[in-house]
Chemist: 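I'd like to ask some things about the structure below.
Everything numeric here is computed off the predicted structure, so don't read it as measured data. What you see below is based on every heavy atom in this structure, not just the backbone, and it leaves out hydrogens, waters and symmetry mates.
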Amino acid sequence: MKKISKILLLFVLTITLSTTINVKAATSKTVNNQAELKEALNDSNISTIILGSDIETTEKINIMRDVTIDGNNKTIKYVGKFGSSSSSDNTVWGGIYVLQIYKSNVTLKNIKLTGGNAGLLINGGHATFVGKIDVSGNGFGGIELGKGSGVTEAPTLTITDNAEIINTTESADKPTIWVHDDTNGAVMEIGNTEFELNSGEELTLDEINELEESIENPETSDSLLLNIFFLSIFVILSSYAFKKILNKE
């Protein structure tokens, strides 16, 4: 009887341990449509969501917890309506962002966000970009940093060393990154350098690239300043020497 009890106890422990391991191992999930994406976002056991195919969504996708979304070089495209007129034109404002990061820390990797009024809203949250982040094809621009109702923390965007932002539809009235008019203290971090962005500030891809280059090649700006300094000294000494010659004559 004791032997049977030990065997039963061992069996129960084995099943319990196996279940625990399976629960802990279930940290990533591949999704292929809007419903699966929303379900995965609602499951706090999933730390990484992988896109298995391009996804079309009829609503803004809200991200309200810490998570990594690995786009796997796939696309999330908004195909719903805009504004009170239920227009299909994404240049009609309806507050539609393909993704909204709300007061959470989210890593986005190798993904395209298109079809909305904007591709991404960082609403008092922290977004980290890894790989290629494509925000082309949105009606008002690529990425907005803002603070919505009940949000006190400043939005932050971290662009890692290997990240590349793509926006083939950028124009004067469709910036790649902009800060909402009522938002102060928004931060863009490149490498270990933080840049505070002012309310209403807009950045083009060229301006973002220039900031990245200034960090990657600080010696370029330093050498330019040194060249200007030495040139100034040369001009002053040359002028002094020329005056001496004139006085002697």
Side-chain angles (χ1 to χ4, degrees), residues 28-151 155 157 165-171 173-178 180:
S28 65
K29 184 174 182 179
T30 299
V31 299
N32 294 287
N33 55 52
Q34 176 182 336
E36 290 178 356
L37 175 58
K38 291 179 64 179
E39 182 181 353
L41 286 170
N42 288 328
D43 187 345
S44 60
N45 290 319
I46 299 171
S47 59
T48 300
I49 299 172
I50 304 168
L51 299 191
S53 59
D54 293 339
I55 291 176
E56 291 188 343
T57 177
T58 56
E59 60 185 275
K60 174 178 63 178
I61 301 296
N62 294 311
I63 306 176
M64 306 179 73
R65 67 177 182 88
D66 297 356
V67 69
T68 294
I69 297 183
D70 182 351
N72 194 25
N73 298 309
K74 302 294 192 298
T75 298
I76 301 178
K77 182 178 182 179
Y78 179 78
V79 294
K81 303 296 182 181
F82 300 89
S84 57
S85 62
S86 295
S87 173
S88 297
D89 182 358
N90 66 6
T91 62
V92 174
W93 181 253
I96 299 296
Y97 306 85
V98 182
L99 294 182
Q100 175 186 206
I101 296 173
Y102 182 74
K103 299 199 308 187
S104 53
N105 296 308
V106 177
T107 297
L108 297 178
K109 178 181 179 181
N110 293 323
I111 194 168
K112 181 175 181 177
L113 307 173
T114 190
N117 291 140
L120 175 67
L121 169 60
I122 306 171
N123 188 356
H126 182 185
T128 300
F129 286 176
V130 178
K132 293 183 178 181
I133 308 298
D134 192 335
V135 289
S136 308
N138 296 288
F140 286 79
I143 303 156
E144 178 182 324
L145 283 72
K147 293 180 185 177
S149 176
V151 177
L157 169 61
I165 301 175
I166 300 169
N167 185 6
T168 60
T169 53
E170 177 185 271
S171 64
D173 58 348
K174 296 179 182 180
T176 292
I177 295 176
W178 78 95
H180 196 277

Chemist: Return the CG to CG distance between Leu51 and Leu37, rounded to the nearest 0.5 Å.
Modeler: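 If we round to the nearest 0.5 Å, Leu51:CG and Leu37:CG are 7.0 Å apart.
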Chemist: Quick check: do His180 and Glu144 have side-chain heavy atoms less than 4.5 Å from each other?
Modeler: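 SC-SC contact between His180 and Glu144 confirmed.
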Chemist: Could you check whether any side-chain heavy atom of Thr114 comes within less than 4.5 Å of a side-chain heavy atom of Val98, counting everything from C-beta outward?
Modeler: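 Result no, sub-4.5 Å side-chain heavy-atom pair not found.
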Chemist: Is there a donor-acceptor contact under 3.5 Å from the side chain of Ser53 to the main chain of Asn32?
Modeler: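 Judged by distance alone, yes, a pair lies under 3.5 Å.
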Chemist: With heavy-atom distances below 4.5 Å as the criterion, would you say the side chains of Leu145 and Ile177 are in contact?
Modeler: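 Yes, side chains in contact.
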Chemist: Using a 6.0 Å cut-off, check whether atom NZ of Lys38 has over 12 heavy atoms from anything other than its own residue.
Modeler: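 No, the 6.0 Å shell around NZ holds no more than 12 heavy atoms from other groups.
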Chemist: Okay, side chain of Asn117, backbone of Tyr97: is any donor-acceptor separation there less than 3.5 Å?
Modeler: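 A pair under 3.5 Å: no.
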Chemist: Would the distance check show the side chain of Thr169 and the main-chain N or O of Gly137 forming a donor-acceptor pair, the cut-off being under 3.5 Å?
Modeler: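 The answer is yes, because a donor-acceptor pair under 3.5 Å joins these two groups.
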Chemist: Going by atom types only, do Lys81 and Ser87 share a side-chain donor-acceptor pair under 3.5 Å?
Modeler: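 No pair is found: no donor N or O on one side chain lies under 3.5 Å from an acceptor on the other.
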Chemist: Side-chain contact, heavy-atom cut-off 4.5 Å: Ile61 with Ile55?
Modeler: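 Not touching, per the 4.5 Å side-chain cut-off.
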Chemist: If the test is side-chain contact (heavy atoms from CB on, under 4.5 Å), which one of Ile49, Leu108, Thr48, Ile46 qualifies with Val67?
Modeler: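 Considering Ile49, Leu108, Thr48, Ile46, a side-chain contact (heavy atoms from CB on, under 4.5 Å) with Val67 is found only for Ile49.
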Chemist: Looking at every heavy atom in both Ser136 and Asn167, which two are closest together, and how far apart are they?
Modeler: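 Distance-wise, the nearest heavy atoms are OG-CA, 3.3 Å.
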Chemist: Can you tell if the side chain of Leu99 reaches within under 4.5 Å of the side chain of Ile101, non-hydrogen atoms only?
Modeler: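 They are not in contact (no side-chain heavy atoms under 4.5 Å apart), so the answer is no.
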Chemist: So, does Asn72 use its side chain to make a donor-acceptor pair with the main chain of Gly52 at under 3.5 Å?
Modeler: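 Here the side-chain-to-backbone pair does not exist.
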Chemist: Just to verify, what does Phe140 make a ring-ring contact (aromatic ring centres under 6.0 Å, His included) with, not counting sequence neighbours?
Modeler: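 For Phe140 the ring-ring contact (aromatic ring centres under 6.0 Å, His included) partners, ignoring immediate neighbours, are Trp93.
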Chemist: Sub-3.5 Å donor-acceptor pair from the side chain of Gln34 to the main-chain atoms of Thr58, do we have one?
Modeler: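 Checking the backbone N and O of Thr58 against the side chain of Gln34, a donor-acceptor pair under 3.5 Å is found.
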Chemist: Might you confirm whether atom NZ of Lys147 has over 12 heavy atoms from other residues, nucleotides or ligands at distances under 6.0 Å?
Modeler: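 Correct, the count exceeds 12.
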Chemist: Please check this pair: side chain of Asn138 against backbone of Gly115, looking for a donor-acceptor N/O pair closer than 3.5 Å.
Modeler: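 Side chain of Asn138 to backbone of Gly115, a donor-acceptor pair under 3.5 Å: yes, one is there.
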Chemist: How would you list, by chain and number, every residue that makes a salt bridge (Lys or Arg N to Asp or Glu O under 4.0 Å) with Glu56, sequence neighbours excluded?
Modeler: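 Glu56: no salt bridge (Lys or Arg N to Asp or Glu O under 4.0 Å) contacts found.
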Chemist: Atom CZ of Arg65 and atom OG of Ser47: how far apart are they, to the nearest 0.5 Å?
Modeler: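 Result: 8.0 Å between the selected atoms.
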Chemist: How many angstroms lie between atom CG of Leu113 and atom CD1 of Ile69, to the nearest 0.5 angstrom?
Modeler: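 Atom-to-atom, Leu113:CG and Ile69:CD1 are 8.5 Å apart.
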Chemist: Contact between Ile96 and Phe82 at the side-chain level, heavy atoms closer than 4.5 Å - yes or no?
Modeler: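 Side-chain contact under 4.5 Å: yes.
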Chemist: First locate atom CD1 of Ile76, then atom CG of Asp134, and finally report the distance between them rounded to the nearest 0.5 Å.
Modeler: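 One gets 12.5 Å once the value is rounded to the nearest 0.5 Å.
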Chemist: Roughly how far, to the nearest 0.5 Å, is CD1 of Ile111 from NZ of Lys74?
Modeler: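 Lys74 atom NZ to Ile111 atom CD1 measures 11.0 Å (nearest 0.5 Å).
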Chemist: Drop me the distance from Ile122's CD1 to Ile63's CD1, to the nearest 0.5 angstrom.
Modeler: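 So the CD1 of Ile122 and the CD1 of Ile63 are separated by 10.5 Å.
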Chemist: Indicate every side-chain donor-acceptor pair of residues 124-133 with a distance under 3.5 Å to a residue at least two apart or in another chain.
Modeler:
residue, atom, partner, partner atom, Å
His126, NE2, Thr158, OG1, 2.7

Chemist: Return the minimal non-hydrogen interatomic distance between Gly148 and Asn123, and the atom names on each side.
Modeler: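 Residues Gly148 and Asn123, closest heavy atoms: N-OD1, 2.6 Å.
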Chemist: Do other residues, nucleotides or ligands put more than 12 heavy atoms under 6.0 Å from Lys77 NZ?
Modeler: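 No.
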Chemist: Are Gln100 and Asn62 close enough, and set up right, to give a side-chain contact (heavy atoms from CB on, under 4.5 Å), and what steps lead you there?
Modeler: CA-CA 5 Å; Gln100 175 186 206; Asn62 294 311; 2.6 Å; yes
